[in-house]
2 protein chains.
Amino acid sequence: MQSDTPLIPQSFDASFSLPPGRVLDICIRLQNAILAHRLKPGAKLSEDEVGEVFNSSRTVIRAALQALAHTGLVEIKKNRGAYVAKPTITNAHEVFEARTLIEPEVTRLATQKINADDMKKLEEHIDAEHKALASNDIGKALALSGIFHIAIAGIAGHAVYSNIVQSLITQSSLIIALYSKRLDTACESHAHAALLEAFGKGDGEAASAIMQSHLVDLHSGLNLRTLPNEQPSLAKALADI
Amino acid sequence: MQSDTPLIPQSFDASFSLPPGRVLDICIRLQNAILAHRLKPGAKLSEDEVGEVFNSSRTVIRAALQALAHTGLVEIKKNRGAYVAKPTITNAHEVFEARTLIEPEVTRLATQKINADDMKKLEEHIDAEHKALASNDIGKALALSGIFHIAIAGIAGHAVYSNIVQSLITQSSLIIALYSKRLDTACESHAHAALLEAFGKGDGEAASAIMQSHLVDLHSGLNLRTLPNEQPSLAKALADI
DNA sequence: TTGCTATTGATTGTATACAATTTGGCATTG
DNA sequence: CAATGCCAAATTGTATACAATCAATAGCAA
């Protein structure tokens, strides 16, 4: 694996109020690592350790970790430190419910504002998704899939929705990583291409509907009945129902 | 004015991921000060100065300011410091659009989950609103009005929506402070009582509709044509269109 | 063996000192 | 007199040292 390909380059845009400077770099690199699965849910993010990796003092690392905590990617426990978030089943449902409410509306807005340049970028993006999928680079395909949704929010030109969507998408990446029945099906959707078509026709209602059903598909493609890596749960094993 | 009445006590609940410890206290007190107008939009929040007020080091203050920046109450400019946010007209529109989309849905959820205890608390809350309004304490009435919406999100029992709504409401307080045509009308709505009635009947659709029209009313009650305290804007003054 | 308690180690929370950056004023110059 | 460049003061960005807290372990007692 190459040392440092920025998987999610435009993930943090200007509209996102983050501590500026070096902190933002570290945020992005940590986020990339988490979304690309190099850091697994539940992993400890010791301030000293992370600081050594990035050659920075704990001050900077703390700021970055706190910023990521606000987006839901990191969980900070008082006097215990920071951990890669491990979304619960409840949280997974909530995130996808929220997405199903918000993103169709954002998609409708995007349909009204999209221009030729945006269209071209989205096409290229979808190509990249297909390429990643073809070369079996599931991790990259998943990351790209998330960026696609963020890009649409960006096109909608609505900073408030953008921030919300961005946070929901990054959480979704964690959720999919934890709960997806089959990772490849989580990417391998025709929905993105279909969206592009609706955009081309300027059909906001269609685009919105496609987005909604796409999200419902993603949601129902999750196995939200049992916690992953959970030992047969003792309680359940002894429950002689 | 009494020295420190916590206007917004349950504003930050456990579901809100904030740096724990003393930082949270300072967050809340700063937030109260901002929402109660003791700190006006655009006011400089110097780290040293704030630190002196709270008898804390800059380390703690910085964390608090960054946390508030994430909720949109504070704006941090690189190497320039933190300022009380001064929402733009665009931002104001966006915030109320988002609220109009999200809160009716949250209200529907709340209708399904509300219990007698919740009802009672909401009734008491509305009484407090009326009392504040009767005694002409507009600032308090406005703050209580915001808390009412946050409380509904809490009743809905949906942590993701709760966080989003909370952030939107606090921003709304700033927006109303800046742009409301008449501050008293921003509180003096019968909508809250009507909502309670719909809750009592368990009529989710009605509750949702009431919430939506309530938000539309609030939105249209804003004067979003001219920036407040804006000098003729130079550029505009010189644009001989 | 089990349960409680105290000590210890490691990690985070906080304060402070130093470095870097910006801004405003002042002097210089056209 | 206006404009530009430079210097200094103030403020933020960063690093590090110290204090506080928690978890784990070892020791002791029942």
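What's counted below: heavy atoms across the whole structure, side chains too, no hydrogens, waters or symmetry copies.
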**Message:** If you compare all heavy atoms of B:L222 against all heavy atoms of B:F96, which two are closest, and at what distance to 0.1 Å?
**Reply:** CD1-CE1, 3.7 Å
**Prompt:** At under 4.0 Å, does any side-chain N or O of A:R22 touch on OP1 or OP2 of C:dA20?
**Reply:** no
**Prompt:** Over how many whole Å does the gap from B:K77 atom NZ to C:dT21 atom P extend?
**Reply:** 20 Å
**Asked** Could you give the CG-to-P distance, from B:D25 to C:dG13, as a whole number of Å?
**Response** 15 Å
**Beyond-backbone contact of B:Q66 with B:I76, side-chain heavy atoms, under 4.5 angstrom** = yes
**Asked** Quick one: does A:E103's side chain get under 4.5 Å of A:L168's, heavy atoms only?
**Response** no
**Request:** Tell me which nucleotide among C:dA15, D:dT14, D:dT11 gets nearest to the side chain of A:V60.
**Result:** D:dT14
**Message:** In this structure, how many angstroms lie between the C1' atom of D:dG13 and the CG atom of B:L65, rounded?
**Reply:** 14 Å
**Item:** Nucleotide nearest A:N79 when distance is taken to its side chain, options C:dT12, D:dT12, C:dT16
**Value:** C:dT12
**Pairwise side-chain contact, A:R62 with A:E47, heavy-atom cut-off 4.5 Å (strictly under)** = yes
**Prompt:** Mind checking whether A:I26 and A:V23 have side chains closer than 4.5 Å, heavy atoms only?
**Reply:** no
Show me the protein contacts with nucleotides 23-25 of chain C, counting only N or O atoms at under 3.5 Å.
unit_1	atom_1	unit_2	atom_2	d
C:dT23	OP1	B:R80	NH1	3.2

**Asked** Whole-Å distance between D:dT12 C1' and B:E75 CD?
**Response** 16 Å
**Item:** Audit row: B:L109, B:K113, side-chain contact (heavy atoms from CB on, under 4.5 Å) steps and yes/no
**Value:** CA-CA 7 Å; B:L109 284 177; B:K113 301 211 175 180; 5.6 Å; no
**Asked** What integer distance in Å separates A:F54:CZ from D:dT14:P?
**Response** 14 Å
**Prompt:** Quick one: is A:T59 getting a side-chain N or O under 4.0 Å of the D:dT14 phosphate, OP1 or OP2?
**Reply:** no
**Gap between atoms CG and P, on A:N55 and D:dT16 respectively (whole Å)** = 11 Å
**Nearest-neighbour nucleotide for the A:R58 side chain, D:dA15, C:dT21, D:dA17 considered** = D:dA17
**Asked** What nucleotide, of C:dA15, D:dT12, C:dT11, holds the atom closest to the side chain of B:R62?
**Response** D:dT12
**Message:** In this structure, how many angstroms lie between the P atom of C:dG13 and the CD1 atom of B:I26, rounded?
**Reply:** 14 Å
**Request:** Report the distance from atom CG of A:L45 to atom CD1 of A:I61, rounding to the nearest 0.5 Å.
**Result:** 10.0 Å
**Message:** Please report the distance, rounded to the nearest Å, between CD in A:E47 and C1' in C:dA10.
**Reply:** 13 Å
